[in-house]
Trainee: 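Mind having a look at this structure? Questions to follow.
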Amino acid sequence: MRAVVRHEYGDTSVLRVEEVDEPAPEPGRVIVDVAAAGVNMAEWHMMSGEPTLVRLAMGFRRPKQAVLGQDVAGVVAAIGPGVTRFAVGDEVFGSARGSWATRASASELLLQPLPQGVSFEQAAAVPMSGYTALQALRAVGDLEGKRVAITGAGGGVGSYAVQLASSSGAYVTAVCSASKASFVRELGADDVIDYATTSPTEGARRFDAVLDFAGSLPIARWKRVIAAGGILVLGGGEQGGKVLGPLSRSARAPFARGLKAVTLMASPRGDDIAELAAGLASGKLRSTHSHTYEFAEAAQAVEALRSAVHPGKIVLTP
Ligand SMILES: NC(=O)c1ccc[n+]([C@@H]2O[C@H](COP(=O)([O-])OP(=O)(O)OC[C@H]3O[C@@H](n4cnc5c(N)ncnc54)[C@H](OP(=O)(O)O)[C@@H]3O)[C@@H](O)[C@H]2O)c1
């Protein structure tokens, strides 16, 4: 099969489209004919091997798994022993292993039927960003009437967090560049801060919760605008040193005096993917897919993600 691979860590020049062996149907797993695959910052970390800490899981000198990609949408091509929820020919989406390939292997627990009226590209743009947004909002608790600020609101995770917080009754302040202001308003943001002209930690606004997916401001600065009893969820950011990356900021969270700050470590959960599928099916959640690249353009896709040129999510197609 064809796959986007990298055999060493580096910039996007290490990406290649190559013929590789197809995954075999293992117990409890499903082989999906990939129609579309999501692009996440996780793939940039796995490609670059940065921060170095990520190499503990992926192989220190070179990557153990050549094929990249996690979010998937496509058609079931084969099922492994013990699979009960899916049959060959079913249209599915969810989390997989090596989805930047024409075939990927996924646990049946991390797949859902493709919701009616949702395209493969739209569905592939949801899983990782969607479950990260869900898990971040869960850290806040009841959202009804809460003032929630979301940084990185115009990106993948942020665009789902805005929708989910808004539909749960929160008053949402989206922090993003001016180019994404109308996009986040359409998703349900009540208020928008253009971080290029206004710092979200200055001024009169107060928040009960901040979901920080941009990670560009020191933790202590947020203290000024988070109301008593409020929470700062450290959800992302690409700053920090080469070894720890954004985790160097997270390491300081327990020492934030007078502020509850928690670090989010999102992971794929079947229940969350089911909740996202239900949201897509009911129309309560909409996919924020905005641009598609082909496998051969994977390097451009990763560069576009890094420079945030597209609002919401981008996907790859074979
Ligand atoms: N904690 C976890 O388990 C977990 C899981 C998934 C992802 N993440 C992390 O979460 C972060 C966001 O991921 P993503 O997939 O949503 O990335 P993304 O699609 O690139 O979105 C990031 C967004 O941040 C915006 N941005 C840049 N600087 C900003 C600033 N100072 N203030 C507000 N917004 C700013 C960018 O666009 P504009 O500049 O145009 O507004 C972009 O839309 C990444 O660091 C990723 O690694 C963490």
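Note: hydrogens, waters and symmetry copies are ignored here, and every other heavy atom, side chains too, is used. Counting starts at 1 for both ligands and their atoms, following the listed order.
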Trainee: Report the hydrophobic cluster partners of Val302, with the cluster defined as I, L, V, M, F, W, Y residues connected by side-chain heavy atoms closer than 4.5 angstrom, directly or transitively.
Mentor: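 Other cluster members: Val4, Tyr9, Val14, Leu15, Val17, Val39, Met41, Trp44, Met46, Met47, Val54, Met58, Leu68, Trp100, Tyr293, Phe295, Leu305, Ile314, Leu316.
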Trainee: Is a side-chain donor or acceptor of Thr151 paired with a backbone partner of Ala214 at a separation under 3.5 angstrom?
Mentor: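 It does hold such a pair.
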Trainee: With distance as the sole test, does Ser99 use its side chain to make a donor-acceptor pair with the main-chain N or O of Val72 at under 3.5 Å?
Mentor: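 Side chain of Ser99 to backbone of Val72: no pair is present.
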Trainee: Return yes if a side-chain donor-acceptor contact under 3.5 Å exists between Asp272 and Gln135, otherwise no.
Mentor: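 A donor-acceptor contact under 3.5 Å links the two side chains.
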Trainee: To the closest 0.5 Å, what do you measure between CG (Asp71) and OG (Ser129)?
Mentor: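 So the gap between those two atoms works out to 6.5 Å.
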Trainee: Would you please say whether a donor-acceptor pair under 3.5 Å links the side chains of Glu121 and His291?
Mentor: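 Judged by distance alone, the side chains do not pair up.
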Trainee: Write out each pair where an N or O from ligand 1 and one from the protein are under 3.5 Å apart, with the distance.
Mentor:
residue, atom, partner, partner atom, Å
ligand 1, 1 (N), Gly235, O, 2.9
ligand 1, 1 (N), Leu264, O, 2.8
ligand 1, 3 (O), Ala266, N, 2.7
ligand 1, 16 (O), Gly156, N, 3.1
ligand 1, 16 (O), Val157, N, 2.8
ligand 1, 19 (O), Gly156, N, 2.8
ligand 1, 31 (N), Ser216, OG, 3.1
ligand 1, 34 (N), Gly152, N, 3.1
ligand 1, 37 (O), Lys180, NZ, 3.1
ligand 1, 39 (O), Tyr195, OH, 2.4
ligand 1, 40 (O), Ser177, OG, 2.5
ligand 1, 40 (O), Lys180, NZ, 2.7
ligand 1, 41 (O), Ser177, N, 2.9
ligand 1, 41 (O), Ser177, OG, 3.3
ligand 1, 43 (O), Gly155, N, 3.2
ligand 1, 45 (O), Gly237, N, 2.8
ligand 1, 45 (O), Gly237, O, 3.4
ligand 1, 45 (O), Glu238, OE2, 2.5
ligand 1, 47 (O), Glu238, OE2, 2.9

